[in-house]
Amino acid sequence: MRSLSEILLPTDFSPRSVDVARFAAGVARHFHSKTTLLHVLPSPNPAWCGLWDGDILQEVLARQQEDTCRRLKMFMDDEFPGLEVKRIVAEGSASEVITEYAASQHVDLIMMPTRGCTAFRRFLLGSVTAKVLHDVSCPVWTSSHITDGRSAAAVIPKVIVCAVELTPDGQTILEWASNLAAELQARLIVVHAIPSLEFHPETYFLEADMRRSLIGDARSRISKVVCNSPTPTAEVRVEGGNVTTLVRAAIEDSRADLLIIGRPIGGMLGRLRTHSYALIRESPCPVISI
């Protein structure tokens with residue numbers, strides 16, 4: 001795991017952005033991180049050019065930029081005392097600006113709201129967040145339930161759940177989670193879901209043996225990685241069933257503060273990665289997608 005020395009905090013000034021900013025301040029304080037607050041103004045609608053005089057339009061846009069810079073300068077200023085904070089107002093497509101900035105500045109972690117606040121969008125992953133998750137190469141911190149009674153006071157997790165697959169990417173994610181747990185002195189629980197086998201009475205005992213074999217093999221392979229990690233005492237849970245259900249149960253049983261998962265990155269997706277968006281939406285605690 002790289003040091004979290006550069007944190008990017010995109011904000012739209014919404015209540016959810018305020019909540020995320022409180023978490024970001026706590027993380028930045030713990031890791032002594034530099035934090036960039038980024039607000040993206042949409043590009044002017046081309047139709048305006050035909051309706052507005054050019055000089056008037058430029059004056060309106062300049063005033064909007066000035067007002068936004070002033071607002072960003074004041075945004076959550078009392079949450080970042082003594083921390084190195086940069087504030088940037090940019091223009092363009094929000095997801096593209098965030099992605100390009102993260103790549104050019106070698107950002108270590110993006111922290112942003114998961115979705116909008118309307119009744120309809122609460123069931124969706126916000127389009128900007130979804131595109132950022134797909135396009136960036138650095139980890140992305142999101143949370144769907146900050147405003148659902150979870151306080152930002154305890155921003156440093158004490159219990160971390162890491163959901164993994166038996167793939168090279170899965171090992172990378174587990175190593176990242178293990179390093180973070182060691183850094184934070186947090187309890188680490190590693191969860192792997194085995195696909196449920198269909199029930200056939202005539203082959204019940206054969207399927208039961210196969211299930212035990214799959215679980216045993218998965219547990220052995222994961223435990224081998226865990227034993228050679230910075231958190232060799234991490235708990236390993238391997239069960240059969242629905243991925244989202246099992247991961248959520250592990251979070252709730254352990255009262256975990258953070259979930260770490262892989263995210264869809266194009267090409268062939270593993271079984272867990274096809275559930276990434278559901279895990280992000282359903283998780284009762286913040287999620288870091290690697």
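Throughout, residue positions are numbered sequentially from 1 according to the sequence presented.
Electrostatic pairing of Asp19 and Arg16 does not count as a salt bridge here, judged by no charged N lying under 4.0 Å from a carboxylate O. For Arg237 and Glu239, the salt-bridge test fails: no basic side-chain N is under 4.0 Å from an acidic carboxylate O.
Note: the hydrophobic cluster containing Leu258 also contains Phe23 (ILVMFWY, side chain heavy atoms under 4.5 Å, direct or indirect links). A continuous path of hydrophobic side-chain contacts links Val191 to Val159 [ILVMFWY only; heavy atoms under 4.5 Å]. In the hydrophobic clustering of this structure, Val128 groups with Ile110; members are Ile, Leu, Val, Met, Phe, Trp, Tyr whose side-chain heavy atoms approach within less than 4.5 Å, directly or through other members.
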Worked verdict on Val89 versus Arg71 for side chain to side chain contact (heavy atoms under 4.5 Å, CB included): CA-CA 10 Å; Val89 176; Arg71 188 176 182 187; over 6 Å; no
Run the numbers on Arg22 and Met76 for side chain to side chain contact (heavy atoms under 4.5 Å, CB included), then give the verdict. CA-CA 8 Å; Arg22 293 196 177 101; Met76 302 298 289; 3.6 Å; yes
With side chain to side chain contact (heavy atoms under 4.5 Å, CB included) as the criterion, how do Ile7 and Phe31 come out once you've worked through the C-alpha distance, each side chain's angles and the decisive distance to 0.1 Å? CA-CA 10 Å; Ile7 295 176; Phe31 288 97; 6.0 Å; no
Full working for side chain to side chain contact (heavy atoms under 4.5 Å, CB included) between Ile194 and His192: CA-CA 7 Å; Ile194 297 291; His192 176 72; 3.7 Å; yes
Stepwise, does the salt bridge (Lys or Arg N to Asp or Glu O under 4.0 Å) test hold for Asp67 with Arg63? CA-CA 6 Å; Asp67 290 345; Arg63 187 176 303 167; 6.0 Å; no
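With rounding to the nearest 0.5 angstrom, the CD1 atom of Ile156 is 9.0 Å from the CD atom of Glu183. Here the CG atom belonging to Leu109 is positioned 5.5 Å from the CG atom belonging to Leu4, to the nearest 0.5 angstrom. Ser229 contributes atom OG, which lies 10.5 Å from atom CD of Gln171 (distance to the nearest 0.5 angstrom). We find the CD1-CD1 distance between Ile173 and Ile260 to be 9.5 Å, quoted to the nearest 0.5 Å. Note: Thr245 OG1 to Glu282 CD = 8.5 Å, rounded to the nearest 0.5 Å. A distance of 8.0 Å separates CG of Leu41 from SG of Cys69, quoted to the nearest 0.5 Å.
Val164 approaches Gly170 most closely through the heavy-atom pair CG1-O, 3.8 Å. When all heavy atoms are compared, the tightest approach of Lys86 to Ile88 is CD-CD1, 3.6 Å. In plain terms, the two heavy atoms of Ala186 and Pro157 that are nearest each other are CB-O, 3.5 Å. Considering every non-hydrogen atom in both Val226 and Ala234, the closest pair reads CG1-CB, 3.7 Å. Residues Ala193 and Leu246 come closest through the heavy atom pair CB-CD1, 3.7 Å. For the residue pair Ser43 and Gly92, the shortest heavy atom distance occurs at OG-CA, 3.4 Å.
A 4.5 Å side-chain heavy-atom check between Ile288 and Trp176 finds at least one atom pair inside the cut-off. No side-chain heavy atom of Leu83 sits under 4.5 Å from any side-chain heavy atom of Thr35. For the pair Asp257 and Cys285, the minimum side-chain heavy-atom distance is 4.5 Å or more. Using a 4.5 Å heavy-atom threshold, the side chains of Ile280 and Ile261 count as touching. The shortest side-chain heavy-atom distance between Leu279 and Val287 does not fall under the 4.5 Å cut-off. Residues Val247 and His275 have side chains not in contact (no heavy-atom distance under 4.5 Å, counting atoms from C-beta outward). In this structure the side chain of Leu8 never reaches within 4.5 angstrom of the side chain of Gln105, judged on heavy atoms. In this structure, the side chains of His134 and Ser289 stay at 4.5 Å or more apart for every pair of heavy atoms.
Counting only distance, with no hydrogens or angles, the side chain of Ser178 and the backbone of Leu174 share no donor-acceptor pair below 3.5 Å. Asn179 places a side-chain N or O within 3.5 Å of a backbone atom of Glu175 that can act as its donor or acceptor partner. Looking only at distances, a side-chain donor or acceptor of Thr129 sits under 3.5 Å from a matching main-chain atom of Pro113. A donor-acceptor pair under 3.5 Å is formed between the side chain of Ser276 and the backbone N or O of Gly262. Judged by distance alone, the side chain of Ser17 and the main-chain N or O of Asp12 form a donor-acceptor pair under 3.5 Å.
With Leu38 as the fixed residue, the side chain to side chain contact (heavy atoms under 4.5 Å, CB included) test singles out one of Thr11, Val97, Leu9: Val97. For the side chain to side chain contact (heavy atoms under 4.5 Å, CB included) with Thr231, the qualifying choice from Leu188, Leu180, Ile160 is Leu188, the only one to do so.
Of the N and O atoms on the side chains of Thr167 and Asp169, not one donor lies less than 3.5 Å from an acceptor on the other residue.
Qualifying ring pair (Phe, Tyr, Trp, His ring centres under 6.0 Å) partners for Phe75, counting only residues two or more places apart in sequence or in other chains: Phe13.
Other residues, nucleotides and ligands contribute at most 12 non-hydrogen atoms within 6.0 Å of the CD atom of Glu84.
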